[in-house]
Amino acid sequence: MRTSAEWKALSESVTLRGQAFIAGEFRDAVSGETFPSINPAAETKLADIASCDTADVDLAVTAARKAFDSGVWSDLAPGDRKRILLRFADLVEKHGDELAVLDSLDMGKPISEMISVDVPDSIDCLRWTAESIDKLYGEIAPTGNDTLGLISHEPAGVVAAITPWNYPLMMASWKIAPALAAGNSVILKPSEKSALSVLRLAELAKEAGIPDGVFNVLPGFGHTAGKALALHNDVNVLAFTGSSRVGGLLMEYAGQSNLKRVWIEAGGKSPMLVFEDCEDIEKAASTAAAAIFSNQGEVCIACSRLYVQSSIRERFTEALIEAAKVYRPRNPLDPETRMGALVDKTQLETVAGYIQSAIDEGARVLTGGVPVSTPGKGYFVEPTIIGDAQNHMRFVQEEIFGPVLAVGEFSDEAEAIRLANDNRYGLGASVWTANLSRAHRVSRKIQSGMVWVNGWGGGDSTMPFGGMKASGYGRDKSLHSLEKYTDLKTVWISL
Ligand code: NAD
């Protein structure tokens, strides 16, 4: 791991490119418009980013369609696509520190998290998915003897991926790895708050040998570039990760245009349940702190609702407050830093507003609660734990997307399940118990796409990632992710 001074030096020498990447070339937006990308830890401008809109979307979709129809990628044997994607993964690994610095500068994430989570996970997703693509077989249907029924998967065509700012490189990788492996052409629209790393990714894709037009990156705002992509009649699949509100809009846009397939991976308000038979209270408490304070709480699966069985609440809360102490917000480029800056001023104000609403509704701040932001010095918030949380309170029901933990309590298993499910979201959940039967019972009853027993956040490329209810229905990672980007074709041959 580099030292703080070495990361700083890299951050000063790294190229910050803000142009769109279409048909294998960097170019300005057709309008010539740009917007600034801001370093949230210093409140300084990093680069001017191309503000793409409908005209750029038309260019990118035309380039993607042309590449798809030419067969230059879509007709390659899966094993050939695999080789190129593995080269791509190697280049991401080679330039991992550079990509880490770009995301850390752009959205305030600690460099230690980039190096331990985002970069290795992105590489693994690219490699694992590339490796899988020449091992998937079609089917022969059990029809009568006078026919042959073939069932196969075909690439869907032009895929638009719209991604959020909280894991810029990783969320992009979870979409582009299966979409490209399956043979599609891809247009990635990153969040306007963090486009730098994926623009560099586009260059690496070209260097790896991905043909021009097959992978395009269009930076821009949601209501311009994002909306134009979602309404475009020549986009076949729209893969989205972001808020539930925008997910709903994208479904409307698909209905207003060509009924493109829309995959929604949206917000969360994940519960953590700690039962009195939890074997290791200290471990559960430090995991609870990590589950809300890593990445400043800007994590879709953040366990922002903690329910502790009444008999151990006091002891657990003490351990939790102790565990939160390592998450003091500091310079993201210092490798010792465990919590960085919030992505922007709006997010800082949103988080501060939720803390105030919790106090107004009668909850009690146990630690933190004070924005430590000094104007001009970055958007930092203390790790905040709020006790006496009741499910009717706004800060317990709504996704805050910041380092704010609501702590409530339950008396028995039935109440724990009821409290956990009393929320519109259903992304993740964490359950702490030494009782195997209870672990299974509660996992079955919890309405969420993912449950971690005696842990949180674990997962690799072999396991699907996604939710239920207002958290959406799309799944990233695993072989299931390939289903999103392929069409099922049946061929009925009379013998
Ligand atoms: P967001 O919904 O505001 O934006 C996400 C993306 O959608 C951005 O690229 C944005 O430009 C674009 N967008 C916004 N309005 C649009 C419109 N009208 N048409 C088309 N595109 C539009 O979300 P965000 O603030 O970037 O990210 C935070 C959210 O993402 C949180 O709710 C978080 O839980 C969620 N998230 C979910 C997962 C998951 O896997 N389920 C993972 C990470 C983040």
Side-chain angles (χ1 to χ4, degrees), residues 35 37 49 51-54 57 106-107 109 117-118 121 125 160-175 187-195 198 217-232 235 238-254 256-257 260 262-270 292 294-304 342-344 346-347 350-351 398-402 423-428 448-450 457 459 463-478 481 484:
F35 58 88
S37 98
I49 309 292
S51 185
C52 294
D53 60 24
T54 311
V57 166
D106 220 3
M107 54 74 61
K109 187 193 297 269
V117 180
D118 301 45
D121 184 285
C125 182
I162 299 183
T163 49
W165 48 261
N166 62 333
Y167 287 86
L169 181 71
M170 196 166 106
M171 289 301 106
S173 304
W174 288 8
K175 308 277 184 228
I187 301 159
L188 172 67
K189 207 240 26 105
S191 168
E192 57 276 20
K193 298 179 187 181
S194 58
V198 296
V217 181
L218 276 192
F221 291 98
H223 63 276
T224 53
K227 183 172 178 181
L229 270 174
L231 281 169
H232 204 289
V235 168
L238 183 56
F240 170 75
T241 297
S243 63
S244 304
R245 184 189 69 79
V246 172
L249 286 177
L250 299 188
M251 293 169 84
E252 283 182 33
Y253 300 153
Q256 288 161 22
S257 53
K260 59 179 68 63
V262 184
W263 296 104
I264 307 290
E265 269 125 296
K269 190 76 186 177
S270 300
I292 184 64
S294 47
N295 205 31
Q296 304 75 245
E298 297 163 330
V299 182
C300 57
I301 53 166
C303 280
S304 46
L342 296 189
V343 70
D344 60 12
T346 309
Q347 196 67 10
T350 301
V351 170
E398 297 178 12
E399 183 180 46
I400 300 174
F401 225 51
N423 195 274
R424 71 189 288 251
Y425 295 106
L427 192 54
S448 70
M450 298 168 285
M463 292 275 276
F465 187 105
M468 297 176 177
K469 295 160 73 175
S471 296
Y473 46 83
R475 292 290 181 275
D476 282 326
K477 311 208 287 184
S478 86
S481 68
K484 292 161 59 174

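Since we're looking at a predicted model, the values are computed, not measured. These values consider heavy atoms only, across backbone and side chains, with no hydrogens, waters or symmetry-generated copies. Start at 1 and go down the list; that is how both ligands and their atoms are numbered.
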Aromatic Y253 / basic K260 pairing, under 6.0 angstrom, 45° off normal: no
Donor-acceptor under 3.5 Å (S471 side chain, G426 main chain): yes
ring-ring contact (aromatic ring centres under 6.0 Å, His included) partners of F221, counting only residues at least two apart: F35, H223
Electrostatic pair D476:K175 at N-O distance under 4.0 angstrom: yes
Nearest-0.5 Å distance, SG of residue C52 to CG of residue L218: 4.5 Å
Closest heavy-atom pair and its distance - G268, E399: N-OE2, 3.1 Å
Return a table of N or O atom pairs, ligand 1 on one side and protein on the other, at distances under 3.5 Å, rounded to 0.1 Å.
from, atom 1, to, atom 2, distance (Å)
ligand 1, 2 (O), S243, N, 2.8
ligand 1, 2 (O), S243, OG, 2.6
ligand 1, 9 (O), T163, O, 2.7
ligand 1, 9 (O), K189, NZ, 3.1
ligand 1, 11 (O), K189, NZ, 2.8
ligand 1, 11 (O), E192, OE1, 2.6
ligand 1, 11 (O), G222, N, 3.3
ligand 1, 18 (N), Y253, OH, 3.3
ligand 1, 19 (N), G222, O, 3.3
ligand 1, 23 (O), S243, N, 3.4
ligand 1, 25 (O), W165, NE1, 2.9
ligand 1, 26 (O), W165, NE1, 3.3
ligand 1, 30 (O), G242, O, 3.4
ligand 1, 32 (O), E399, OE1, 2.6
ligand 1, 34 (O), E399, OE2, 2.6
ligand 1, 41 (N), A266, N, 3.4
ligand 1, 41 (N), A266, O, 2.8

